[in-house]
Amino acid sequence: MKIEKLLVEASRRNLTKEEAVALLNIDNKSDLFYELIKTANRMTREEYDNKAYIFSQIGLNASPCSKNCKFCSMAQSNYVMEGEFQKTMEDIDDILETVRQLVKAGTHDVFLMTTADYPVEEFLKIGAAVKGILPEGVRLVANIGDFDEDTAQDLLKAGFTGVYHIRRLGEGKDTDIDPARRIKTLEVIREAGLELYYCVEPIGPEHTYEEIADEMLRAREYDVKAMAVMRRTPVPGTPMAEKGMISACELTKIEAVTRLVSKPSRSMNTHEVTPMTLIAGVNQLYAEVGANPRDHVDDTAGNRGYGVIKTIELLQDAEFEMA
Ligand code: SF4
């Protein structure tokens, strides 16, 4: 089928993997590239009523992680962070003050992130305390290692509304995690009724369009409301750094195709913040605080991470209204 026809049909029906791959093969310098981003932009502005969102993520620890993802600054096998720290309930006053500031500045969803080895009991206690100060309507999202049904129930009891969890590109090859374990956790999240936040990541130059399309379709299969794509940041000192990074244009194309194929019902994001994607279907950005697998400093807020104010400015500059 011709690409022009596919773009017309994208808002009317679900596209197949082969059709997603055909869209991903669009030449970034062609007129069709602009037809693609025009379509994604129109779908986002119309379907989301031109509303935009800020999600804020707090990294609670920086410690060598046993899962050894070859792109991560915190992998045990290639730890390149400046130092180590672990926030616990002893630091709860600081954590709550950070959350208050993020919410006051305009955050819609608060994410708490840890490495895979962080103790779940402590995470649940921190989550419950954070939930206690969140205004009604602000969602609380966990970004932690794999877990089973009991932990899913504990997350709900603590007040979490959702979980960020993905089957990474290169899972099991570039990480020490069996892809089946990631899928099992996705099933647990769905069964528990927690909202799943999904992302095609970490996209590098070596990933095929077929692999990338598989994750777009997986998100649609799980009926994901908040979707994202992320390009891999070549963190110096990590094994994957030498493979380099895809361009912002390529990321924009992948994001636009993901918007069309995955059909998230609330929001679309590109990570890290890439302003050109704001006219290609993105209506949600992340503000980041604390540890970050794509950074080497304890607090990414002063380095790679954007703050809430800056992300709101970018969204408003792209003529979105904050939800
Ligand atoms: S990406 Fe997550 S699971 Fe992988 S090494 Fe880093 S902290 Fe651990």
Side-chain angles (χ1 to χ4, degrees), residues 55 57-88 111-120 122-124 126-127 141-148 151-152 155 160 162-186 188-189 196-204 206-207 211-212 215 218 228-243 245 269 271-272 286 288-301 303-305:
F55 298 171
Q57 174 150 274
I58 304 172
L60 293 176
N61 73 318
S63 329
C65 175
S66 63
K67 303 306 174 194
N68 289 329
C69 302
K70 291 181 185 157
F71 43 80
C72 175
S73 58
M74 291 185 273
Q76 205 164 44
S77 49
N78 47 256
Y79 193 81
V80 293
M81 295 286 284
E82 278 176 347
E84 294 182 27
F85 71 87
Q86 183 142 304
K87 300 252 168 143
T88 64
F111 287 52
L112 298 179
M113 176 175 69
T114 69
T115 62
D117 302 321
Y118 187 93
V120 172
E122 195 69 13
F123 182 79
L124 291 166
I126 292 172
V141 185
N143 183 354
I144 57 177
D146 287 286
F147 56 86
D148 292 318
T151 298
L155 287 167
F160 284 92
V163 179
Y164 177 90
H165 204 79
I166 54 160
R167 181 214 179 276
R168 301 178 185 87
L169 296 168
E171 196 81 74
K173 182 163 62 79
D174 301 328
T175 74
D176 282 356
I177 311 174
D178 181 353
R181 185 65 191 90
R182 302 296 287 177
I183 304 291
K184 168 85 193 316
T185 304
L186 292 176
V188 164
I189 291 165
L196 175 67
Y197 292 66
Y198 207 73
C199 182
V200 183
E201 66 129 309
I203 306 167
E206 77 280 13
H207 294 126
E211 287 174 275
I212 290 170
E215 299 314 312
R218 199 186 312 280
V229 297
M230 186 180 87
R231 64 174 162 177
R232 188 179 61 231
T233 299
V235 181
T238 61
M240 303 297 278
E242 64 188 33
K243 291 195 183 284
M245 184 163 72
N269 163 265
H271 216 57
E272 293 172 332
Y286 275 98
E288 294 180 288
V289 179
N292 174 345
R294 292 166 283 100
D295 209 343
H296 66 287
V297 297
D298 286 356
D299 187 2
T300 194
N303 206 39
R304 296 202 73 90

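Order of listing sets the numbers, starting from 1, for every ligand and every atom in it. Treat the numbers as computed from the prediction; the structure is a model and nothing was measured. All values below come from the heavy atoms of this structure, side chains included, with hydrogens, waters and symmetry mates left out. Residue indices begin at 1 and follow the sequence shown.
The aromatic rings of Phe123 and Phe160 sit parallel to each other, their planes meeting at less than 30°, with 60° as the upper class boundary.
Distance check: Asp146 CG to Ile189 CD1 gives 8.5 Å after rounding to the nearest 0.5 Å. Taking NZ of Lys173 as the reference point, atom NZ of Lys70 lies at 7.5 Å (rounded to 0.5 Å). For the atom pair NZ of Lys67 and CE of Met74, the computed distance is 14.5 Å after rounding to the nearest 0.5 Å.
When hydrogens are left out, the protein atom nearest atom 2 (Fe) of ligand 1 is Arg168 NH2, 3.8 Å; that is the closest non-hydrogen contact. With hydrogens left out, the protein atom closest to atom 8 (Fe) of ligand 1 is Cys65 SG, 2.3 Å, a heavy atom. The closest protein non-hydrogen atom to atom 6 (Fe) of ligand 1 is Cys72 SG, 2.4 Å.
With ligand atoms numbered from 1 in the order given, ligand 1 contributes 3 (S) to contacts under 4.0 Å with heavy atoms of Lys67. For ligand 1 and Thr115, the ligand atoms under 4.0 Å from any heavy atom of the residue are 7 (S).
Exactly one residue among Glu206, Glu201, Glu242 makes a salt bridge (charged side-chain N to carboxylate O under 4.0 Å, His left out) with Arg232. That residue is Glu206.
Using a 4.0 Å cut-off between heavy atoms, Cys69 contacts ligand 1 through both its backbone and its side chain.
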